[in-house]
Amino acid sequence: MSRDNPQPLPGGGESVETVADESSARLDKTFDPAHFEERWYRTWESEGRFQPVGPPGSPRFVMVIPPPNVTGRLHIGHAFGRTLEDILARWKRMLGYRVLWVPGTDHAGIATQMVVEKELAKQGIDRHELGRQKFIERVWAWKRDAKDNIQSQIRRLGCSLDWTRERFTLDPDLSAAVRHAFVRLYEEGLIYRGRYVVNWCPRCETAVSDLEVVHKEVDGWLYRIRYDVVGVPSGAVVATTRPETMLGDTALAIHPEDPRTAKFRGKTAILPIVGRELPVIEDGILVDREFGTGIVKVTPAHDANDFAVGERHGLPQVVVIGPDGKMTAEAGEYAGLDRFEARKEIVKRLEKENRLLGTDPHDYSLGRCQRCDTVIEPYLSTQWFVKVGPLAEPAIRAVEMGEVRFVPEVWTKTYFEWMRNIHDWCISRQLWWGHRIPAFTCANGHLTVSEGDPSACSTCGSPELEQDPDVLDTWFSSQLWPFSVFGWPKDTEDLREFYPTDVLVTAYDILFFWVARMIMAGIHFTGSAPFSTVHIHGLMRLAGEKMSKTRGNVIDPLVAISEFGADALRFTYASSATSGTTVTLERERLSGSRNFATKLWNAARFTLAQLEGKPRAETFEGISLSMPDRWILSRLSRTAADVNRHLAAFRFDEAAASLYGFLWHELCDGYLEMTKPVLSGREGDERARETVRGVLYRSLADSLALLHPLMPFLTEEIWEKLTHRSGTLVVSPYPTGDPALEDLQAEVAIETLRGLVTRVRNFRSERRVPPTEPVRMWIDPQTGDPVASDALRRLEPLLRHLARLSDLTFGPPPAEAQRDVVSGVAVGLTLPPGAAGTDRTRVEKTLAQLEREVGELTAKLRNPAFLDKAPADVVEKTRRRLGELQERRAALGSIASE
RNA sequence: GGGGGGUUAGCUCAGCGGUAGAGCGCCUGCUUUACACGCAGGAUGUCGCAGGUUCGAAACCUGCACCCCCCACCA
């Protein structure tokens, strides 16, 4: 089935296929989701189904989409999260909530800039040739395409987002929110500018935050180098993993209380190669007495620790590695060399000068750029920072007080760990794509930070102002997303009505990048946490391998949709959504979901064919329902209750499993087969048929409704044929279970019936009896649950039909019968004379197992401690079970001992 | 260095104090008029290892082993 050319359809929502009445209730014989998926999406959207309905102030359910980056297309992991959100949105909508789910995209500063740079590089263009203005225009063009792609992908998935409220982090109003937030934090002293050693990517040529540095353990070397010290003939031996930085050394440091290094106190060392004099300083914070030689070289411009030491001791900062990762003029003869080349050269030189005393294997963690994997360089530069501590405190409290809760709960601890050890956040980026920092410098060097573009310096009034060329970390704007989409900082109606939101769904990889910062920003700027529940799902893996863009194994959800259908992909997501940190997407599971969709389709075809043009019971009150009717309605009600419970607990996997089990194994395998004798006219009267039709209708209708959040397209398509109403399932009431329909007696009776049927089939199978061969069955009416036994008499025709019995007798079985006990009911089965005999090995195997279990339970019941301490119901249950096992053993034993 | 998670059927995973489960795969039958993307039946688990708590442990506790994440400014 080709999904590439969806049927062209006339625009507008009412565009449903116009077919004559007679066949309008029929479904195509073959199930092809391509025939209706896109059509239904257009219908829903054009009818405004995704916009909040109901009066403002009525119970609402609000989510904002985690805005996808406009770097390219969505992968299978994004589609996973959006599917979970859509399940919640559709579920809540059907429950009658005023649902709003806000769509949008993120400009994703560094990521998008890199993608476009790469694109340009293919054409041999460097961004610097284009210049800032022209380059940004190119990025905007890229953004438009990417946004369109993402939007169409999300639509194909079926996500019920209110597209009339779509936002982009660089939209004018969202940009205004960013400037407002920046200025406010600046004025509160929570944003500051300063010259510090920051994480610098020499390839991206920008500063990055701590979170954007990925640490990996490497097998490295520790170089031991001898520095001459005036007045100490032996010199000082220092150890370093980065010899190239020694050119920037401006001191040696010792611990003030370390006797080993006391002789260096107050001395002056000579920096090898360079010849610079280095004071020996004493610093108890930097120097660990336990480690190495007890002497540390201090390089304030190339190490964050050394920088702090330099500040404490007023040391000069000598920058020897430039922003491009090449040695600077300060590096003398090494100027222009790449930092790693320089390391080799310097090591060679030290060896030659006999200063390299040794290289020891040394494992350490090396930071790399999250985006390009380049080794991060600690680099001294002027940057903007957020002082995070004061913001973190209330955000920690909000989670402690339960104002925000994580599901699953394990993530709470991770959140606390990070928040309680939080560091200031470097927010300036030396990029072109993003929000320009609203800071201006005048000709006299004064700084003006302003929400609007200022016309004059706030200090000296100079009109010559230059805006800071840097942009903000993309997460600075993302953290405002849950309220900036509603118009903050303006006091808009939307903000009042839809903020704070209810649920945020995201993967754990952006817990710190985004979730934690949203909580901080939300509380700080609006006074409320931006959501009450955060559902954290695992990262999507594809059949065992980790999925990442760099590995190139990113799969476009559209590929999966075209092969299996959107509903199948969604159902697979739901049923795979276990609480672990990784979620595996298996091809086999996709085809399983597709099969499930087909199953439902065919069950619906059967049902529709039965209902077509015939009367059915509209209500079940005051009419007599058969045991199977009562059973399926009871199971339907319980399933509805289960599904609601599971969705409320974010257990999408359990919800999917409940629906799968009910629809396939109870409705299809069970009830549909039970109705056939009645529907075909072989059993029952017209009134019974009307009742069955009514139950079928109700079962299918409720199943469709229950399944709709998971499989919206298919269910809506069938719903239309079933109810003759177009596009209404999306807003139909969600079944929550009807206690009046729950019927324990019917469930016990039918389960017993099904057990008996299975026993007969199993009997045939083990004797290799073809279905045409007659099998006789006896049921001992004295045994089993009295209600069930009584019901079985009335179910006799059904039992005969399902088990294909030639004869069924209520009475003690003859001696030659194969006896057994099923759900407490004693039965006997016989074959016509001359048929194959008992399968001894099988019976004996079962007997052996029974023997073992009987032994275990007997011992348990002989144990006084058990009788004394276990709850009475457990003891009673054990007794009953032992009784059943013994009965079964006796029944089976009678034939085994023949 | 700190923290978290995992180890259950061939595979992917539920279960988290009272008889070991699902889906897929596997084996055996099947023109049972909705469905072979199906129907029916079946096999398969010292629940990582060792102790402990308990009448009772896959589940709780303590070690151990192996895997996977995250955080971290020890030269």
Side-chain angles (χ1 to χ4, degrees), chain A residues 27 29 31 197 210-211 215 222 238-242 253 286-288 290-299 303-308 362 364-365 378 410-411 413-414 416-418 421 423 508-509 511-512 539 541 543-544 546 564 568 575-576 578-589 591-610 651 653-654 656-657 660-661 668-669 672-673 676 680 757-758 761-766 768-771 801-802 804 842 853 856-857 860 863-871 873-875 877-878 881 885:
Chain A
L27 293 171
K29 170 127 197 195
F31 166 58
V197 169
D210 294 347
L211 284 177
H215 292 273
L222 196 56
V238 303
T240 180
T241 55
R242 303 198 54 201
L286 177 74
V287 185
D288 178 356
E290 310 300 312
F291 190 89
T293 58
I295 310 172
V296 188
K297 67 193 251 331
V298 182
T299 322
D303 183 281
N305 284 317
D306 293 7
F307 173 80
H362 179 71
Y364 62 101
S365 93
V410 277
W411 294 105
K413 194 162 182 181
T414 308
F416 285 143
E417 286 294 321
W418 189 71
N421 298 291
H423 297 292
Y508 65 86
D509 58 339
L511 181 59
F512 308 142
L539 290 175
R541 274 172 198 247
K546 195 174 181 175
F564 298 100
S575 58
S576 311
T578 55
S579 50
T581 50
T582 58
V583 176
T584 314
L585 185 66
E586 294 174 293
R587 205 185 160 71
E588 294 71 30
R589 221 169 173 112
S591 56
S593 301
R594 190 258 332 262
N595 296 353
F596 177 55
T598 309
K599 186 75 183 174
L600 175 59
W601 182 263
N602 283 305
R605 279 179 56 221
F606 172 81
T607 304
L608 290 172
Q610 301 306 323
R651 286 304 301 261
D653 57 332
E654 296 284 1
Y660 186 98
C668 291
D669 294 347
L672 255 44
E673 294 306 321
K676 283 178 181 175
S680 69
V757 172
T758 299
R761 286 169 175 168
N762 160 289
F763 177 72
R764 280 181 192 280
S765 169
E766 71 189 16
R768 302 187 184 282
V769 180
H801 165 256
L802 292 174
R804 293 173 179 274
R842 193 121 141 209
E853 278 187 68
E856 279 170 17
L857 294 185
K860 207 172 190 179
N863 181 357
F866 174 71
L867 297 173
D868 190 37
K869 299 199 176 171
D873 64 309
V874 172
V875 175
K877 245 171 110 179
T878 310
R881 168 127 180 98
L885 290 174

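These figures come from a predicted structure and were not determined experimentally. In the text below, chain A, chain B and the rest are named by the order of the sequence lines, each starting its count at 1.
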Checklist outcome for this item: On RNA chain B, more 5' by nearest nucleotide between A/D653 and A/K297 is A/D653

Next on the checklist: If you assign each of A/Y660 and A/I295 to its closest nucleotide in RNA chain B, which residue comes earlier from the 5' end?
Outcome noted: A/Y660

Next on the checklist: For a quick check of understanding: with a heavy-atom distance under 4.0 Å over all strands, which category does A/P864 fall into, base, sugar-phosphate or nothing?
Outcome noted: nothing

Checklist entry - Any side-chain N or O of A/S765 under 4.0 Å from OP1/OP2 of B/rU28? => result no

Checklist entry - Taking atom P in both B/rG25 and B/rC37, what distance in whole Å separates the two? => result 11 Å

Checklist entry - Roughly, in whole Å, what's the span from CZ in A/R651 to P in B/rA14? => result 8 Å

Next on the checklist: At less than 3.5 Å, do the side-chain atoms of A/R594 and the base atoms of B/rC37 form a donor-acceptor pair?
Outcome noted: yes

Checklist entry - Rounded to the nearest Å, what distance is computed from the CZ atom of residue A/R587 to the C1' atom of nucleotide B/rG25? => result 16 Å

Next on the checklist: Tell me whether the rings of A/F31 and A/W601 are parallel (<30°), tilted (30 to 60°) or perpendicular (>60°).
Outcome noted: tilted

Checklist entry - Rounding to a whole Å, what distance do you find between A/R242:CZ and B/rC73:P? => result 15 Å

Checklist entry - Which part of the nucleic acid, if any, lies within reach of A/T240 when heavy atoms closer than 4.0 Å are counted: base, sugar-phosphate only, or nothing? => result sugar-phosphate

Checklist entry - Atom CG of A/L608 and atom C1' of B/rA34: how far apart are they, to the nearest Å? => result 10 Å

Next on the checklist: Once hydrogens and angles are ignored, does a donor-acceptor distance under 3.5 Å link the base of B/rA22 to the side chain of A/E654?
Outcome noted: no

Checklist entry - Counting any heavy atom closer than 4.0 Å, what does A/F307 reach on the DNA or RNA strands: base, sugar-phosphate only, or nothing? => result nothing

Next on the checklist: From the set B/rC35, B/rA40, B/rA75, return the single nucleotide nearest to any side-chain atom of A/V287.
Outcome noted: B/rA75

Item to check | Rounded interatomic separation in angstrom, taking NZ from A/K877 and P from B/rG17 | outcome: 15 Å

Checklist entry - Between A/T758 and B/rG41, is there a side-chain N or O to OP1/OP2 distance below 4.0 Å? => result yes

Item to check | Heavy-atom check, side chain of A/P378 versus side chain of A/R242, under 4.5 Å | outcome: yes

Checklist entry - B/rU33 phosphate, OP1 or OP2: any side-chain N/O from A/K676 under 4.0 angstrom? => result no

Checklist entry - Is A/A657 touching bases, backbone alone, or none of the nucleic acid, heavy atoms closer than 4.0 Å? => result nothing

Item to check | Where A/V583 and A/S576 come nearest, the two heavy atoms and their spacing | outcome: CG1-O, 3.2 Å

Checklist entry - Which whole-number value in Å describes the distance from A/H801 NE2 to B/rA40 C1'? => result 14 Å

Checklist outcome for this item: From the candidates B/rG23, B/rA40, B/rG3, the one with an atom nearest any side-chain atom of A/R761 is B/rA40

Next on the checklist: Measuring from the side chain of A/D669 (C-beta onward, heavy atoms only), which nucleotide among B/rA40, B/rC70, B/rG5 has the closest atom?
Outcome noted: B/rA40

Checklist entry - Would you find a donor on one side and an acceptor on the other, under 3.5 Å apart, between the side chain of A/D653 and the backbone of A/S575? => result no

Checklist entry - Taking the same atom, P, in B/rA14 and in B/rC60, what whole-Å distance lies between them? => result 15 Å

Item to check | Selected nucleotide, minimal atom distance to A/T598 side chain, candidates B/rA34, B/rA75, B/rC37 | outcome: B/rC37

Checklist entry - What's the CG-C1' distance between A/N595 and B/rA36, to the nearest Å? => result 10 Å

Checklist outcome for this item: Per atom distances to the A/W418 side chain, the nearest of B/rG18, B/rC71, B/rU12 is B/rC71

Item to check | B/rG10 versus B/rA43 - spacing of their P atoms, nearest Å | outcome: 15 Å

Checklist entry - Expressed in whole Å, how much space separates the P atoms belonging to B/rA34 and B/rC27? => result 29 Å

Item to check | Within-4.5 Å side-chain heavy-atom neighbours: A/F564 and A/S591 | outcome: yes

Next on the checklist: Nearest to the side chain of A/D288, heavy atoms from C-beta on, is which of B/rA34, B/rG4, B/rC74?
Outcome noted: B/rC74

Next on the checklist: On the nucleotide B/rC70, are OP1 or OP2 found under 4.0 Å from the side-chain N or O atoms that A/K413 carries?
Outcome noted: no

Checklist outcome for this item: Of B/rU19, B/rG23, B/rA34, the nucleotide closest to the side chain of A/E853 is B/rU19

Checklist entry - Heavy atoms under 4.0 Å, any strand shown: does A/A304 hit a base, just sugar-phosphate, or nothing? => result nothing

Next on the checklist: Say we look at B/rA9 and B/rA59: how far apart would their P atoms be, to the nearest angstrom?
Outcome noted: 15 Å

Item to check | Nearest-neighbour nucleotide for the A/R541 side chain, B/rC55, B/rA72, B/rC68 considered | outcome: B/rC68

Checklist entry - Can you tell me the Watson-Crick or wobble partner of B/rG18, both distances under 3.5 angstrom? => result B/rC55

Next on the checklist: Distance check, C1' atoms only: B/rC11 and B/rA72, in whole angstrom units.
Outcome noted: 37 Å

Checklist entry - Can you tell me how far C1' in B/rG6 sits from the matching atom in B/rG42, rounded to whole Å? => result 33 Å

Checklist entry - In the strands shown, is B/rU31 matched to any nucleotide by a Watson-Crick or G-U wobble pair with both distances under 3.5 Å, and which? => result none

Item to check | Touch class at under 4.0 angstrom, heavy-atom based, for A/T293 against every strand present | outcome: nothing

Item to check | Atom pair CG/NZ of A/D669 and A/K599 - distance to nearest 0.5 Å | outcome: 5.5 Å

Item to check | Min side-chain heavy-atom separation A/D306-A/L286 under 4.5 Å | outcome: yes

Item to check | Side chain A/R651, main chain A/S579, donor-acceptor under 3.5 Å | outcome: no

Checklist entry - OP1, OP2 of B/rC24 versus side-chain N and O of A/S591: anything below 4.0 Å? => result no

Checklist entry - Of the candidate nucleotides B/rA75, B/rC73, B/rU19, which contains the atom at the shortest distance from the side chain of A/H423? => result B/rC73

Item to check | Closest non-hydrogen atom pair, A/T582 against A/R541 | outcome: CG2-NE, 3.1 Å

Next on the checklist: Any base atoms under 4.0 Å from A/L867, or only sugar-phosphate, or nothing? Heavy atoms, all strands.
Outcome noted: nothing

Next on the checklist: Using atom P in both nucleotides, what's the gap between B/rU7 and B/rC13 to the nearest angstrom?
Outcome noted: 10 Å

Next on the checklist: With a cut-off of less than 4.0 Å, is there a side-chain N or O of A/H215 near OP1 or OP2 of B/rC70?
Outcome noted: no

Checklist outcome for this item: A/R589 has its side chain closest, among B/rU12, B/rC73, B/rG42, to B/rU12

Checklist entry - Atom CZ of A/F596 to atom P of B/rA36: distance rounded to whole Å? => result 17 Å

Checklist entry - B/rU7 pairs with which nucleotide, Watson-Crick or G-U wobble, both distances below 3.5 Å? => result B/rA65

Checklist entry - Base, sugar-phosphate, or nothing for A/L672, non-hydrogen atoms under 4.0 angstrom? => result base

Checklist entry - Where do A/V238 and A/T293 come nearest, in terms of heavy atoms and distance? => result CA-OG1, 4.2 Å

